[in-house]
S.K.: 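To start, I am sharing the structure in question, which I have written as C-alpha cells.
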Amino acid sequence: MKIVVGPYKDLRKQILQFLHDRATGGHLGMIATLQRCKAESVKSLGLMQPLPIPDKVWQDISIDFIEGLPQSQPKYWAHWLPLAEWWYNTTYHSATKLTPFEVLYGQKPPLHMPYIPYSSMVGEVDRSLQAREATIRLLKHHLALAQSRIKALANKKRSFREFAVGDVVFIRLQPYR
C-alpha cells in the first residue's frame with residue numbers, strides 16, 4: 001500500500017508517529033528509537049590515574065611482548081634481541097629527556113667502536129662482531145644508494161647554475177606559509 005501525502009509536513013509527522021509508536025509498527029516509538037541509537041558525545045569517562053613514579057632503579061619492571069612476527073622470524077629472535085635491546089636503551093625518550101642507558105648508568109652510552117677481525121680470543125664473539133661490522137657496511141651501502149636515488153629524483157626538476165663574483169642575478173623569494 002502506498003500513501004501520497006503531499007507537501008504537508010505536519011501530516012507526514014503524524015503518520016510516521018502513528019506507524020512507529022504502535023506495537024505492530026516494529027518500534028517502541030520514534031523518539032525512543034532515536035535516543036537508543038544515538039551515540040554518547042562525551043569524552044572518555046574517568047580521570048587519568050598515572051602510575052606512581054618509582055623511587056629507585058629496578059623498583060618497577062614491566063614487560064612488552066612482541067606479537068605478529070612472520071613465520072620465518074621467531075626462530076631468529078634470539079639473534080636480533082641484543083640489537084633491539086641496544087637500540088631501545090640508547091634511544092632518546094621525550095618524557096625523561098634522556099636515554100634509558102643514561103637513566104640507569106648516569107652517563108651517555110658508549111659509541112660504536114669498529115671491531116678489528118680476530119682481536120677476540122673467543123670464536124663466537126669474533127664471528128658475532130665480524131657479522132655486525134658486515135651488517136653496518138651493508139647498511140651504509142644501502143643508505144648511499146637511497147641518497148643517490150633521492151638526489152637523482154630531486155634534481156630532475158632542477159638545473160645547475162654557476163655564477164661569478166660581480167654577476168647580477170634576480171632572486172625570487174617565496175615566503176613560507
Side-chain angles (χ1 to χ4, degrees), residues 38-177:
K38 191 170 140 184
E40 236 183 310
S41 61
V42 295
K43 294 181 180 176
S44 298
L45 298 175
L47 300 175
M48 183 178 167
Q49 298 177 11
L51 296 172
I53 298 172
D55 294 326
K56 53 189 170 222
V57 176
W58 297 109
Q59 179 179 345
D60 186 24
I61 300 172
S62 65
I63 299 174
D64 291 330
F65 292 97
I66 300 172
E67 296 179 347
L69 291 173
Q71 290 301 316
S72 62
Q73 294 300 314
K75 59 185 173 183
Y76 298 114
W77 72 270
H79 175 75
W80 295 107
L81 190 59
L83 291 176
E85 182 181 14
W86 177 255
W87 171 84
Y88 179 83
N89 286 323
T90 57
T91 300
Y92 177 84
H93 288 247
S94 60
T96 62
K97 307 287 188 228
L98 297 166
T99 67
F101 188 96
E102 289 174 281
V103 169
L104 187 58
Y105 298 111
Q107 63 186 23
K108 294 206 177 291
L111 297 174
H112 166 73
M113 299 299 292
Y115 177 71
I116 300 168
Y118 307 108
S119 59
S120 172
M121 299 296 234
V122 181
E124 181 63 29
V125 170
D126 187 66
R127 284 188 298 278
S128 178
L129 293 176
Q130 283 190 48
R132 181 189 71 174
E133 292 302 314
T135 301
I136 290 171
R137 283 192 302 275
L138 185 62
L139 176 64
K140 288 179 179 179
H141 172 72
H142 287 297
L143 287 173
L145 289 175
Q147 280 182 334
S148 176
R149 283 192 308 267
I150 291 169
K151 182 180 176 186
L153 186 64
N155 286 340
K156 281 184 178 180
K157 297 180 181 178
R158 301 174 186 200
S159 61
F160 178 74
R161 301 279 197 268
E162 191 171 328
F163 302 102
V165 176
D167 287 352
V168 178
V169 297
F170 290 102
I171 300 175
R172 184 177 131 202
L173 297 176
Q174 182 176 3
Y176 294 105
R177 295 181 187 189

S.K.: Run the numbers on F160 and N155 for side-chain contact (heavy atoms from CB on, under 4.5 Å), then give the verdict.
M.R.: CA-CA 9 Å; F160 178 74; N155 286 340; over 6 Å; no
S.K.: Considering non-hydrogen atoms only, spot the tightest contact between P110 and F101 and give its length.
M.R.: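 Scanning both residues, the minimum pair turns out to be CD-CZ, 3.6 Å.
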S.K.: Could you check Y115 against R132 for side-chain contact (heavy atoms from CB on, under 4.5 Å), going step by step and ending with a plain yes or no?
M.R.: CA-CA 9 Å; Y115 177 71; R132 181 189 71 174; 4.1 Å; yes
S.K.: Got Y92 and K97 here, is their nearest side-chain heavy-atom distance under 4.5 Å?
M.R.: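 With C-beta onward as the side chain, the pair touches.
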S.K.: In terms of heavy-atom contacts, does CD1 of I116 have more than 12 from other residues, nucleotides or ligands at under 6.0 Å?
M.R.: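 Check fails, neighbour count at 12 or below.
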S.K.: Quick one: closest heavy-atom pair of D126 and S119, and the distance?
M.R.: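 Taking D126 first and S119 second, the nearest heavy atoms are OD1-N, 3.9 Å.
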S.K.: Closest heavy-atom contact between N89 and T99?
M.R.: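 That closest heavy-atom pairing would be O-CB, 3.6 Å.
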S.K.: Does the S148 side chain pair with the main chain of A144, one donor and one acceptor, at a distance under 3.5 Å?
M.R.: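 Not a single qualifying donor-acceptor pair exists.
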S.K.: Checking S128 side chain against E124 main chain: does a donor-acceptor pair fall under 3.5 Å?
M.R.: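 Such a contact is absent between S128 side chain and E124 backbone.
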S.K.: Report yes or no: does D167 contribute a side-chain atom to a donor-acceptor pair with the main-chain N or O of F163 at less than 3.5 Å?
M.R.: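 Such a contact is absent between D167 side chain and F163 backbone.
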S.K.: Going through the checks in order, is the side-chain contact (heavy atoms from CB on, under 4.5 Å) test met by Q107 and E102?
M.R.: CA-CA 5 Å; Q107 63 186 23; E102 289 174 281; over 6 Å; no
S.K.: Rounded at 0.5 Å granularity, tell me how far OH in Y118 sits from CZ in R127.
M.R.: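 Here the interatomic distance stands at 10.5 Å.
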